[in-house]
Each structure stands twice: as C-alpha cells, then as structure tokens.
Novice: 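Dropping a structure here in structure tokens format, bear with me for questions.
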There are 2 protein chains.
Amino acid sequence: MTDTARGTSRRYGTRPTMKDVAARAGVGLKTVSRVVNGEPGVTPDTERRVQEAITSLGFRRNDSARILRKGRTASIGLVLEDLADPFYGPLNRAVEEVARRHGALLINGSSAEDPAREQELVLALCARRVDGLVIIPAGDDHRYLEPEITAGIATVFVDRPAGRIEADAVLSDNFGGARDAVAHLIAHGHRRIGFIGDQPRIHTARERLRGYHSAMAAAGLPVDDSWVSLGSTAPDRVRAATTTMLDAPTPVTAVFAGNNRVTVTAVRVLRERPRPVALVGFDDFELADLVRPAITVVAQDPAHMGRTAAGLLFRRLDGIEDPPRSTEIPTRLIARGSGEIPPSES
Amino acid sequence: MTDTARGTSRRYGTRPTMKDVAARAGVGLKTVSRVVNGEPGVTPDTERRVQEAITSLGFRRNDSARILRKGRTASIGLVLEDLADPFYGPLNRAVEEVARRHGALLINGSSAEDPAREQELVLALCARRVDGLVIIPAGDDHRYLEPEITAGIATVFVDRPAGRIEADAVLSDNFGGARDAVAHLIAHGHRRIGFIGDQPRIHTARERLRGYHSAMAAAGLPVDDSWVSLGSTAPDRVRAATTTMLDAPTPVTAVFAGNNRVTVTAVRVLRERPRPVALVGFDDFELADLVRPAITVVAQDPAHMGRTAAGLLFRRLDGIEDPPRSTEIPTRLIARGSGEIPPSES
DNA sequence: CCGTTGATTGACAACGTTGTCTAGAGGCTA
DNA sequence: TAGCCTCTAGACAACGTTGTCAATCAACGG
C-alpha cells in the first residue's frame with residue numbers, strides 16, 4: 001500500500017527483465033530474446049504468449065546490457081562549440097538526421113571553445129563507447145585521441161582540422177570565401193578595408209585572414225596594421241575594434257566581418273556612424289536580407305557540412321578503410337547591398 | 001605486420017580491459033577497479049604500478065559495463081522539436097550546462113513535431129536507461145510513458161504540458177504574453193488585429209489564441225473570423241494568411257504573429273505592403289532590433305526554461321517526491337517600434 | 001518401423017565492470 | 001606469545017543481454 005500503489009504491482013524503481021518475462025510466459029530466456037529482437041524460429045503461439053507477458057509487465061529491453069554484449073552502441077557523439085550558436089543548429093540537425101537513418105542516437109555537448117573541456121567531453125564519449133565521433137575542435141592537439149581511434153572509434157572533424165593527428169575533416173572553403181568577400185568590396189571601389197576576426201588560434205580565423213591578405217595583394221593594395229583585428233567575438237571587443245579602425249588616421253571605408261557574431265555587432269556599430277560603411281560578413285544568418293542595408297555575406301552551408309561529415313563517419317563504420325581525407329565545402333557570396341556601398345570620401 | 005602496425009601491439013578494434021591491466025600490473029581485478037575509481041585502500045606503490053599499466057595499455061573504463069552494474073547511466077535525454085530552431089538553442093545549452101554540473105551527459109534528438117517520432121525517440125532513450133528525460137512534446141498523449149516513470153525515469157516537460165498523464169512541466173506564460181502583445185496594439189489605436197498562429201493542436205498556439213481573444217474582449221472589440229488563422233508555420237501558409245487578412249473587406253491594421261517563424265515571414269510580407277502595418281511577434285530573435293521598424297516582441301526566456309526544467313529533473317533524481325507541478329516562466333514585452341505604428345485609415 | 005531432417009527451444013557462458021566477502025599481513029595490547 | 005584489530009588485496013558473483021550449442025520433437029522417406 002505504500003509504494004506499490006502505482007497501478008502495477010512491481011516495486012517502484014525496479015524494472016522487469018527478460019528473465020521475468022520468461023518466467024511469466026513459461027518459456028526460456030533465449031526465446032524471449034528472440035521475440036524481442038524479431039528473430040526467426042519462434043512459433044506464432046509462443047510468440048503471442050511472450051508478447052503478452054512483455055506488455056503486461058511493461059518490459060523494455062535494457063540496451064546497456066545489450067551494448068555490453070554486442071560491443072556496438074549504435075550511438076555517435078557530436079562535440080561542438082556552443083549548442084546555442086545558430087550556426088551549429090543546422091549542422092547538429094543534419095548530423096542527427098543521418099544518425100537516425102542509420103539507427104543511431106546522438107549524444108552531444110558543447111566545448112565552450114575550451115580545449116580541456118573538449119577533451120573531457122570526448123573522452124567521456126569514448127568511455128561510453130560511442131561508435132563514432134563528429135568533432136568541431138576547440139583545441140589544436142588531438143593526440144589524446146590516438147588510442148581511441150586505434151581502438152576503432154571512427155572520428156571526423158568538422159569546420160576545423162584535427163591537430164597533430166591524421167583524421168578525416170570536412171571544412172569550408174574559408175580562404176576562398178574570404179578572398180571573394182574582400183574582392184567584392186574592392187570591386188566596389190574600396191581600397192582601405194578592415195578585417196575583424198576570431199581568435200588567431202582558431203583555424204578558420206587564420207584561413208579567413210589569409211584570404212583577406214590574398215585579395216588585397218591580388219589588387220596591389222597595401223594593408224595597414226590597424227586594419228586587422230583578431231580576438232574574442234564578444235560584443236565589447238568587436239565594438240572597440242570596429243570603432244578604432246573607423247577612427248584611425250587612415251580610416252577604413254569597408255569592413256569584412258570574420259563570422260556571424262562579429263557581423264551582428266558590426267552592423268550595430270556601423271548603424272551609429274554618420275557616413276555609411278560597406279560591410280561583408282562571413283556566415284549567412286536569418287534576417288540578413290531584412291536589415292537595411294541588407295547584409296552581403298559569404299554563406300557557408302552548415303547542414304551540408306553536417307551531412308557530409310556524418311556520411312563519412314558512417315562509411316567508416318561500414319568498414320571503408322581509405323586514408324584520412326579532407327573534404328572542402330564551397331562557400332557562396334550572397335550580394336545583398338551592404339557590400340555595394342561605395343567608399344565615402346574621407 | 002598486417003593489422004598490428006599501428007604503434008601499439010594490440011589488435012585493431014579491441015580494447016584492453018581491467019583484466020588486461022590487472023595481468024600487466026600483476027594485481028587483482030578489484031585493485032584495478034579501485035585505482036580507476038579513486039577508491040581508498042591501495043598503497044601508493046601498487047597504485048603506481050596500476051597507473052603505469054593503464055597508460056601503457058591505453059586503457060579506458062568501459063562505461064557500458066559500469067552502467068549495467070551500477071544501474072545509473074549518468075545521462076539524461078532531451079527531446080525537442082527541431083535542433084536547428086534558434087529558439088531551442090539556448091534551451092538546449094542550458095539543459096546541457098545543468099547536466100554537466102551534475103556529471104551527466106546529454107543525449108538528444110528532434111521529434112520534427114511528429115508524435116510517432118517523439119515516442120520512438122523517447123522509448124529509445126528509455127531503453128538506454130537514461131536517468132531522466134526533458135521533453136518538449138509533439139504529441140498530446142503520453143500514457144506510453146507511464147511504465148517508464150513508474151520504473152523511475154524522472155520526466156519533465158517543457159514549453160508544452162504532458163498529455164493525459166501527471167508530470168512536471170515548465171511553461172511560458174503564453175496566455176499572459178499574448179494578451180499583453182494584443183493589448184499593446186490596442187493601446188496604440190488598433191481595433192482590427194489579426195492573429196497568425198501555429199497548428200491548433202499545439203498547446204502554446206491555443207494559449208496564445210486565448211490571450212488574443214482575452215485582450216480583444218477586455219477592450220470590447222469584436223473579432224472577425226477572417227482575422228484569425230492557425231496552421232503550419234511554413235512561409236507559404238503564413239504569407240497567404242497574412243495577405244488574406246490584409247486584403248479582406250475589413251482588413252486588419254495590425255498583426256500579432258504567434259511565434260518566431262511566423263514573425264519572420266510576416267515581416268517580409270508587411271515590408272511589401274504599400275502602407276505600414278503594425279506587428280508584434282511572440283518570441284524574441286536576434287536582430288529584431290536592427291530591422292526597420294524594429295520588431296516589438298513578447299520575449300520568452302528559453303535559457304531560463306531549460307535551466308528550470310533541468311534543475312527540477314535533478315531534484316527529482318535526488319529523490320524529492322513532491323507531487324508533479326507546473327512552473328510558469330513569465331514573458332516580457334519588448335517595445336521596439338513595430339507595435340507603435342498607428343492604424344492607417346482604410 | 002526406424003533413421004534422418006528440419007524446426008523449435010532452452011541451458012549456459014560471456015561481455016566488463018563493481019559490491020561483498022574473506023584471507024592474509026602487520027602492528028598493537030595485555 | 002596470544003589475541004585482536006586494521007589495512008590491503010583478491011576471489012567471486014552479479015548486472016541483463018546475446019551467441020553457441022545441444023536437446024527435443026514432429027514429419028518424412030525408405
């Protein structure tokens with residue numbers, strides 16, 4: 001009457017096992033296993049009895065035991081930087097979709113751009129014996145993964161390459177995209193162009209910087225040190241950097257923002273300036289077309305990246321043994337107006 | 001020479017177990033277990049030998065076996081509608097953060113607003129024996145969860161209540177928020193106000209509709225059938241609905257958009273109209289302040305919801321046995337301009 | 001009527017870990 | 001020195017499932 005009053009007669013917190021089902025149905029353990037897994041070799045009559053016992057006891061197979069026995073967990077891990085960043089939403093979703101089609105569950109977590117936390121999370125996933133890992137790395141040394149990969153955990157890096165180990169990677173064309181963005185500004189008459197990017201330890205930030213320099217050099221334009229600022233994407237930092245390069249002795253007339261968070265802050269800052277300043281951002285974002293002027297961006301395709309990475313992962317899990325390779329996903333310049341603002345006379 | 005050439009001498013795809021470590025260190029199985037788990041009762045010398053064996057073999061504890069033995073998985077499941085929806089990003093992140101503080105991993109998946117898929121996902125998580133579940137329900141009948149809850153899986157519903165079972169829930173004040181939104185429009189002179197909402201089978205859509213009617217009734221305003229449209233949030237549907245109510249014989253002069261996706265499409269449609277139309281949207285979104293006119297919204301606090309839900313879940317897991325309760329998170333009207341547009345004469 | 005075949009079924013070990021219990025070593029007191 | 005206590009260490013069972021293998025039985029051909 002105390003804790004068995006919940007409708008069933010089982011003790012609260014205790015679940016029936018196959019043994020209970022077997023006893024209730026008057027059959028052997030293995031027969032229950034066969035029914036639960038839809039294996040052949042069971043008479044319709046026996047199957048019915050077992051099914052009845054299953055439903056009346058509320059039995060649900062314990063996948064922990066199954067996993068232990070079978071060795072495969074039918075789950076993959078996804079480690080990304082921030083679950084709340086809208087850029088990773090479609091990537092996350094795409095990975096989940098592919099996992100689902102392969103009957104696998106997705107375990108994920110945020111590294112918060114902290115290499116130690118990334119490692120902690122990855123190793124926790126390895127201890128769970130996920131079948132594979134999709135990692136957007138925060139750190140730049142992944143040798144700690146070597147024993148895991150040797151032990152058979154398939155691993156694919158996305159957005160940024162692995163550090164100091166050989167592994168599959170799916171990357172955006174950061175260099176080319178940045179070059180296109182800056183070339184677009186140059187084509188509209190700009191000669192003094194600023195670049196505000198993420199921390200230089202992040203691979204994508206370095207590649208985009210390289211693209212910036214490449215485009216400037218290709219046009220024969222000099223680059224003033226004060227036009228380039230790499231660092232945190234916190235609004236304060238970006239605001240300060242933007243203001244500095246707009247108020248410099250040789251002020252920029254256009255800004256290339258190195259990722260979506262930078263772009264958003266840059267839009268706010270530019271909005272407050274007396275004269276219009278051209279802007280191109282890396283990463284597309286919702287409503288970029290509704291802001292006035294509409295924001296010209298270099299769009300990545302995060303869903304495509306996620307699909308590609310997960311696809312590669314499952315090919316590995318199916319036993320394909322090619323050497324690790326790096327896949328590059330193209331970017332696309334979407335001209336919406338903010339990049340076409342001509343330089344205002346200084 | 002064929003498959004043992006990866007640096008270590010173990011077979012590829014096979015991992016060392018505690019037994020291997022014990023053999024290598026010349027100690028018993030249980031001693032290894034003690035070292036791995038930091039339990040007392042091991043001399044420093046023995047511990048050193050075991051540690052050495054662990055690192056040289058690349059041993060990593062198999063949590064599947066541990067889970068099977070201990071009964072607790074140290075993981076919780078999160079089922080939401082769409083991992084890519086920016087509204088759920090901060091909620092997801094907040095749940096993860098709380099889980100992390102409790103040493104638990106997060107397994108998650110999208111229901112795609114499909115009740116069958118929700119159930120499939122939830123039951124898969126139960127089979128994994130997650131300790132608890134945070135569910136943003138797609139369906140309206142959760143009796144299938146009863147045996148699981150009885151068996152001890154803590155469950156908290158977020159954003160929408162559970163259907164046909166008693167369970168904890170964390171909800172926004174959808175009714176109050178909607179009422180405030182519509183009252184705001186009324187206060188700025190509007191008498192013919194349209195409501196474009198989500199599918200009526202979704203609880204939040206119904207609550208917001210109720211808020212709409214309540215505000216209209218409180219102001220003594222009649223509501224024409226053609227002013228209310230519930231259905232899919234697909235852009236085409238929303239576009240058609242908006243256009244219809246703006247071109248009706250008694251056209252609306254203001255629109256209340258029932259959620260973030262509706263708002264975005266509504267902004268695009270209104271932008272194309274010759275005369276300005278007032279707009280208030282449910283859900284805040286990034287850049288709402290940068291669009292012109294800036295969008296007035298009723299903001300929910302998804303991170304707060306996630307934190308609250310996860311906190312409640314872990315309290316349950318700590319053994320608190322109060323009866324299920326429903327927590328309401330307040331909403332906040334953020335006036336930015338689009339709601340203050342006066343009605344244009346018709 | 002008997003041996004053979006095929007289908008159905010269950011006993012048992014194993015997956016890798018942790019909880020329980022006992023053995024043994026060593027130190028202390030009487 | 002006997003007796004007792006503490007501390008370290010390991011043997012063993014158990015968690016719930018699945019793979020292997022052997023047993024049983026009905027049907028069938030000769």
Side-chain angles (χ1 to χ4, degrees), chain A residues 10-11 13-51 53-54 57-74 124 126-131 151-152, chain B residues 10-11 13-51 53-54 57-74 124 126-131 151-152:
Chain A
R10 283 183 299 101
R11 244 182 22 271
T14 287
R15 305 204 60 141
T17 71
M18 283 192 179
K19 210 164 131 191
D20 301 323
V21 174
R24 167 119 185 187
V27 301
L29 196 50
K30 183 65 214 209
T31 301
V32 176
S33 173
R34 277 191 265 261
V35 171
V36 168
N37 294 294
E39 288 168 22
V42 181
T43 350
D45 181 57
T46 313
E47 171 160 6
R48 200 186 39 70
R49 283 214 319 286
V50 172
Q51 283 293 5
I54 287 176
L57 290 174
F59 167 81
R60 190 102 51 209
R61 180 179 65 198
N62 183 332
D63 275 355
S64 296
R66 168 172 234 253
I67 285 165
L68 174 61
R69 185 60 233 251
K70 304 203 77 150
R72 281 251 158 152
T73 58
C126 290
R128 295 287 172 111
R129 298 291 190 271
V130 292
D131 297 332
Chain B
R10 283 182 301 98
R11 248 190 9 275
T14 287
R15 306 203 59 140
T17 71
M18 284 192 178
K19 211 164 130 190
D20 301 323
V21 174
R24 168 122 186 184
V27 301
L29 195 51
K30 183 66 215 211
T31 301
V32 177
S33 174
R34 276 191 265 262
V35 171
V36 168
N37 294 294
E39 286 168 24
V42 181
T43 44
D45 182 58
T46 313
E47 171 161 5
R48 200 186 38 69
R49 282 216 317 288
V50 172
Q51 283 293 5
I54 286 176
L57 290 175
F59 168 80
R60 188 103 50 210
R61 181 178 65 198
N62 183 332
D63 275 354
S64 295
R66 169 172 233 251
I67 285 165
L68 175 61
R69 185 61 233 250
K70 303 204 80 152
R72 281 250 160 154
T73 57
C126 290
R128 294 287 171 113
R129 297 292 188 270
V130 292
D131 298 332

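A, B, ... follow the sequence lines: proteins, then strands. Residue 1 opens every chain. The basis for the numbers below is simple: all heavy atoms, side chains too, and nothing from hydrogens, waters or symmetry mates.
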Novice: State whether the side chain of A:Arg34 and the backbone N or O of A:Glu39 hold a donor-acceptor pair below 3.5 Å, judged by distance alone.
Specialist: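 Answer holds: no.
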
Novice: When you compare the side chain of B:Met18 with that of B:Val36, does any pair of heavy atoms fall below 4.5 Å?
Specialist: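 Result yes, sub-4.5 Å side-chain heavy-atom pair found.
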
Novice: A:Arg69: which residues meet the side chain to side chain contact (heavy atoms under 4.5 Å, CB included) condition with it, sequence neighbours left out?
Specialist: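 A:Arg69: no side chain to side chain contact (heavy atoms under 4.5 Å, CB included) contacts found.
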
Novice: Tell me: CG of B:Asn62 to P of C:dA14, nearest whole Å?
Specialist: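 It is 18 Å, rounded to the nearest whole Å.
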
Novice: Might you point out which heavy atoms bring A:Asp20 and A:Arg15 nearest each other, and give the distance in Å?
Specialist: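 Closest approach of A:Asp20 to A:Arg15: OD2-O, 4.1 Å.
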
Novice: Using atom CZ of B:Arg72 as one end and atom C1' of D:dC15 as the other, report the distance to the nearest whole Å.
Specialist: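 So the CZ-C1' distance, B:Arg72 to D:dC15, works out to 16 Å.
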
Novice: Could you state the interatomic distance from CZ (A:Arg49) to OG1 (A:Thr31), rounded to the nearest 0.5 Å?
Specialist: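 Spacing of CZ (A:Arg49) from OG1 (A:Thr31) equals 9.0 Å.
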
Novice: Tell me the interatomic distance from B:Arg128, atom CZ, to D:dG16, atom C1', rounded to whole angstroms.
Specialist: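 Those two atoms, CZ and C1', are 15 Å apart.
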
Novice: Within the sub-3.5 Å range, which N or O atoms of nucleotides 18-21 of chain D have a protein N or O partner, and how far apart are they?
Specialist:
residue	atom	partner	partner atom	Å
D:dT18	OP1	A:Asn37	OD1	3.3
D:dT18	OP1	A:Asn37	ND2	3.1
D:dT18	OP1	A:Arg66	NE	2.9
D:dT18	OP2	A:Ser33	OG	2.8
D:dT18	OP2	A:Asn37	ND2	3.2
D:dT18	O2	A:Arg69	NH1	2.3
D:dG19	OP1	A:Lys70	NZ	3.4
D:dG19	O4'	A:Arg69	NH2	3.4
D:dG19	N7	A:Lys30	NZ	2.8

Novice: How long is the span from the OG1 atom in A:Thr17 to the CG atom in A:Leu29, to the nearest 0.5 Å?
Specialist: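 So the OG1 of A:Thr17 and the CG of A:Leu29 are separated by 7.5 Å.
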
Novice: Rounded to the nearest Å, what distance is computed from the CG atom of residue B:Leu68 to the P atom of nucleotide C:dC15?
Specialist: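 Computing the B:Leu68:CG to C:dC15:P distance gives 14 Å.
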
Novice: Rounded to whole angstrom units, what separation is found between the CD1 atom of B:Ile67 and the P atom of C:dT17?
Specialist: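 Rounding to the nearest Å, CD1 of B:Ile67 and P of C:dT17 are 12 Å apart.
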
Novice: Between atom CZ of B:Arg72 and atom OG of A:Ser64, what is the distance when rounded to the nearest 0.5 Å?
Specialist: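 The OG atom of A:Ser64 is 13.0 Å from CZ of B:Arg72, to the nearest 0.5 Å.
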
Novice: What's the CG-C1' distance between A:Asp20 and D:dT17, to the nearest Å?
Specialist: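 So the CG-C1' distance, A:Asp20 to D:dT17, works out to 13 Å.
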
Novice: It should be established whether A:Thr31 places a side-chain nitrogen or oxygen under 4.0 Å from OP1 or OP2 of nucleotide C:dT8.
Specialist: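 Answer is no, no contact under 4.0 Å.
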
Novice: Counting only side-chain N and O atoms of A:Thr43, is one of them less than 4.0 Å from OP1 or OP2 of C:dT9?
Specialist: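 Indeed, a polar side-chain atom of A:Thr43 lies that close.
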
Novice: Within less than 4.0 Å of OP1 or OP2 of C:dC15, is there a side-chain N or O belonging to B:Ser64?
Specialist: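 Negative; the distance criterion is not met.
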
Novice: Would you work out how much the helix from C:dC1-D:dG30 to C:dA30-D:dT1 bends between its ends, with each end axis defined by five base pairs, to 10 degrees?
Specialist: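 What I find for the helix from C:dC1-D:dG30 to C:dA30-D:dT1 is an axis angle of 60°.
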
Novice: Using whole Å, what does the distance between atom P of nucleotide C:dT17 and atom CD1 of B:Ile54 come to?
Specialist: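 My rounded result for the distance is 10 Å.
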
Novice: For the residue pair B:Glu47 and B:Pro44, establish whether any side-chain heavy-atom pair is separated by less than 4.5 Å.
Specialist: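 When only atoms from C-beta onward are counted, B:Pro44 and B:Glu47 do not touch, as no gap falls below 4.5 Å.
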
Novice: Do the non-hydrogen side-chain atoms of B:Leu57 and B:Arg24 ever get within less than 4.5 Å of each other?
Specialist: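 Result yes, sub-4.5 Å side-chain heavy-atom pair found.
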
